[in-house]
Amino acid sequence: MSLLDRNDRRKHLTVFRSIFPRDIEQTYNEPARLLLSEEWVISSCMSCDDPPCMRLSEHEIECPEFPEFSYERDFSVCPVRAIRWSYESETPEIDNRLCIGCGLCAVRCPVGAIYRKDNHMGVVRRRSEQYTVRIPYTRSGVEKQRGQLTIVNKIAWKHRFQKESDQIMRKIYHALSNVDGRSMIPNLLVRNLLISLGYKCAISRSGDVYTRIDAVYSGKASWDKTLGAIEIEFGRDTLDASRSILDDIAVLHSRSNIDKDRNCAMVVCLSFPNKRQGYFQVIKDIKNVLGLEIQTLSLGALLILTWNSSIINLGKKEFYADFDHLSIRQATEFRLGRTINISEGCLGILEPKK
Ligand code: SF4
Ligand code: SF4
């Protein structure tokens, strides 16, 4: 939905003059750079009409493959509401006191104008009079900008938000430890990370009693038939998550005609459960008895994959871990194409805590 339909406080937006970027590149903790003509210039905010850094679209937050799933219609990109529109600067602004540094807003910016440096998120305001121009916020202006951003979106480039480290992960996990377990923040965070990784994802509407499925997801591309249920467990009760996911598979099989063998179900947890907790034994039992491989992903792994614009394939069950193989480090490194800079057992991100 265009902001034109919602308010009349916008005055301007930004468009390229005549030269369009031919390429975009980004290094960690820097805004992206655009190749304009023969020159690399630092990217800056285009003051998008319907800013993707702030708002998800309808088709991203619904999964028509699950018609009976009643989903939350919250379009916020930021799970903690730390980004807002400034009508003074006509760019988004980030409240760093609220921001947890998940990078979701940054990796959705088509020109890479949001970045993190020295533990602060920033939005680059318009810099180059030479290549961009501010135009009045009118219907024709909006159409012009949309046309230009459609072209920019065709450039294949990878966001490099920030390189992971134990310290960065500890900060994010610490920030999340203050979150009320009943709030929607964990579910919004997981939903939006999966959307950034190229899936459609819908989270259960708060208060819905029809099913207790936390979320469902499906492939975005028409050729990708992957779909599945998700249990999101940020508390300590991960054993419950392995049992609940089994319940989800059964409900979807019997009530919604989603064949159990088609269901690429997964559990997303804050930290990998400890071997002694029994979670991975249940996951192994499910595989042995029913032939279903339930994948386990941690929040940290989802963040690392998102910060690097990784392409993942949940249909291949590449994040399957069980009692005999308690790690997703190798699978995550395969998708990153490099070694992960997280020490073994750190926060239970890639394997159980030491
Ligand atoms: S930060 Fe990026 S996505 Fe957000 S309004 Fe600016 S250009 Fe658009
Ligand atoms: S980095 Fe995450 S928490 Fe911070 S403003 Fe962006 S979306 Fe919100």
Side-chain angles (χ1 to χ4, degrees), residues 1-7 9-10 13 45-63 66 69-87 89-116 120-123 149 153 159 161 172-173 175-208 213-218 220 230 232 234 268 270 299 302-303 305-307 309:
M1 187 200 297
S2 167
L3 284 177
L4 273 174
D5 303 326
R6 280 180 271 147
N7 68 71
R9 292 176 65 194
R10 287 281 309 260
L13 31 72
C45 179
M46 305 289 291
S47 304
C48 298
D49 162 46
D50 195 6
C53 59
M54 294 177 61
R55 199 169 186 279
L56 295 155
S57 61
E58 179 82 49
H59 74 272
E60 289 175 303
I61 62 156
E62 63 167 358
C63 286
F66 301 86
F69 187 78
S70 160
Y71 63 98
E72 185 70 37
R73 289 175 56 80
D74 184 327
F75 295 91
S76 314
V77 168
C78 180
V80 293
R81 311 269 195 274
I83 187 166
R84 67 174 187 93
W85 189 260
S86 160
Y87 289 97
S89 66
E90 303 213 80
T91 60
E93 271 184 0
I94 293 168
D95 184 341
N96 276 287
R97 290 164 306 176
L98 298 176
C99 173
I100 55 169
C102 69
L104 277 164
C105 55
V107 299
R108 287 179 61 84
C109 175
V111 292
I114 304 182
Y115 68 107
R116 183 174 175 87
H120 271 68
M121 298 290 298
V123 182
L149 289 177
N153 277 331
H159 285 88
F161 174 62
I172 296 177
Y173 274 55
L176 284 168
S177 66
N178 298 324
V179 165
D180 179 351
R182 289 159 302 174
S183 85
M184 290 296 281
I185 291 174
N187 291 16
L188 287 170
L189 189 50
V190 171
R191 179 195 72 178
N192 297 356
L193 286 165
L194 283 168
I195 290 171
S196 291
L197 288 166
Y199 289 89
K200 292 183 282 182
C201 187
I203 51 172
S204 164
R205 202 153 50 88
S206 55
D208 175 44
I213 302 171
D214 286 337
V216 292
Y217 77 97
S218 59
K220 201 170 354 181
I230 308 171
I232 299 168
F234 276 25
V268 178
L270 199 56
L299 171 73
L302 284 177
L303 288 169
L305 291 162
T306 299
W307 295 344
S309 299

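Using a 4.5 Å heavy-atom threshold, the side chains of Met46 and Val111 count as touching. At least one side-chain heavy atom of Leu303 sits under 4.5 Å from a side-chain heavy atom of Cys102. Using a 4.5 Å cut-off on side-chain heavy atoms (C-beta onward), Tyr71 and Val216 make no contact. Side-chain contact between Ile114 and Met121 is present, with at least one heavy-atom pair separated by less than 4.5 Å. The shortest side-chain heavy-atom distance between Leu189 and Leu104 falls under the 4.5 Å cut-off. Within the 4.5 Å cutoff, the side chain of Asp214 has no heavy atoms near those of the Ile203 side chain.
The side chain to side chain donor-acceptor pair (under 3.5 Å) test applied to Glu72 returns no partner, not counting sequence neighbours.
For the pair Glu62 and Arg73, the salt-bridge criterion is not met [side-chain N within less than 4.0 Å of a carboxylate O].
Residue pairs meeting the salt bridge (Lys or Arg N to Asp or Glu O under 4.0 Å) criterion with at least one member in residues 94-105, sequence neighbours excluded, are Asp95-Arg97. Pairs engaging residues 101-116 under the salt bridge (Lys or Arg N to Asp or Glu O under 4.0 Å) rule: Glu60-Arg108 [sequence neighbours left out].
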Leu299 vs Leu176, test: side chain to side chain contact (heavy atoms under 4.5 Å, CB included). Steps then yes/no. CA-CA 11 Å; Leu299 171 73; Leu176 284 168; 3.3 Å; yes

Yes or no on side chain to side chain contact (heavy atoms under 4.5 Å, CB included) for Arg10 and Ser47, after CA distance, side-chain angles and deciding distance? CA-CA 10 Å; Arg10 287 281 309 260; Ser47 304; 3.7 Å; yes

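Each of Cys99, Pro92, Ser76 was compared with Ile83 under the side-chain contact (heavy atoms from CB on, under 4.5 Å) criterion, and only Pro92 meets it.
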